[in-house]
Chemist: 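Below you'll find the structure I mean.
Computation of the quantities below employed the complete heavy-atom set of this structure, encompassing side-chain atoms and omitting hydrogens, waters and symmetry-equivalent molecules.
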Amino acid sequence: MRTLPVRLDAVLVQALIAAALSFAHLHDLASAAGQHGWKAWAYPVSVDLLLVAAWRRLRSGGSKAAGWCWFLVALTASLGANVATAGLLDLGAVPAWLRILVAGWPAVAFLGGTLLAHGATADAPPAERESAPEPTAPEAPASAPELPAAEPEAAPLSTTPVPPALVTLARKVADEHRARTGTPIDTSTLRARLGVPLPLAEAIAAQLA
């Protein structure tokens, strides 16, 4: 069976002894400040838990300002209890200001633990969002058959309505022109003789043909 290094064992034993002494000093101070029974044991537990929470915050890699702040607060409470119970303070006559600090410590520890626990998630780096694939333009068909060019449509015949009386008059003008010149009348001459617009003259010429 593999044995742990002697240096590691010594460090663990030293840490356990220091923790036990600090725990006992906090208990004695809380008891002298008027916190008796289970309350006196709860004080050192709250200080140690706040130290652990602050240390884990420092090791998390996020924002370390809050971790250092609450670590120093808990460390001050632990060191203060160690110094106060070392003979510098009469535990039989604890001053009023110390009783106030001890009585207000649970609220401070609760605030620090809550901020450390809920602030760790906010400081953690957000997960990288998967980038949406960029839309690609549809590929054109490799070989699209070429359609034959559309033949130009024939111009539609004029649909200008021609009054029958005007057609009769145009026939007389065309007959006179043929009798005088020996050639059929053209559209321009018919238009000039009748004094009508060009589309109407074309419509009349189509009926005379």
Chemist: Name all residues meeting the side chain to side chain contact (heavy atoms under 4.5 Å, CB included) criterion together with D186; count only those two or more places apart in sequence or in a different chain, and write none if there are none.
Modeler: S188, T189

Chemist: Going by the salt bridge (Lys or Arg N to Asp or Glu O under 4.0 Å) test, which pairs reach into residues 192-201, not counting sequence neighbours?
Modeler: E176-R193

Chemist: Kindly compute the distance separating CG (L75) from CH2 (W55), expressed to the nearest 0.5 Å.
Modeler: 11.5 Å

Chemist: Among residues at least two apart in sequence or on other chains, which ones pass side chain to side chain donor-acceptor pair (under 3.5 Å) with T181?
Modeler: H177, T183

Chemist: For W38, give me all partners under side chain to side chain contact (heavy atoms under 4.5 Å, CB included), at least two apart in sequence or on another chain.
Modeler: A42

Chemist: Taking all non-hydrogen atoms of both residues into account, name the closest pair between A109 and S46 and its distance.
Modeler: CB-CB, 4.2 Å

Chemist: For R178 and P184, which heavy atoms make the closest approach, and how far apart are they?
Modeler: NH2-CB, 3.4 Å

Chemist: About how many Å separate CZ of R171 and CD1 of I185, when rounded to the nearest 0.5 Å?
Modeler: 13.0 Å

Chemist: Is it the case that the side chain of S60 and the backbone of R57 share a donor-acceptor pair, with hydrogens and angles ignored and the cut-off at 3.5 Å?
Modeler: yes

Chemist: Could I get the full list of side chain to side chain contact (heavy atoms under 4.5 Å, CB included) partners for A170, not counting sequence neighbours?
Modeler: L190, L194, I204, L208

Chemist: My understanding is that only residues two or more places apart in sequence, or in another chain, count here; which of them pass side chain to side chain contact (heavy atoms under 4.5 Å, CB included) with T187?
Modeler: L198, A201, E202, A205

Chemist: Identify the two heavy atoms, one from S78 and one from L26, that lie closest to each other, and give their separation to 0.1 Å.
Modeler: CA-CD2, 4.3 Å

Chemist: Please tabulate, for the side chains in residues 65-74, all donor-acceptor contacts under 3.5 angstrom to protein atoms that are two or more places apart in sequence or on a different chain.
Modeler:
none

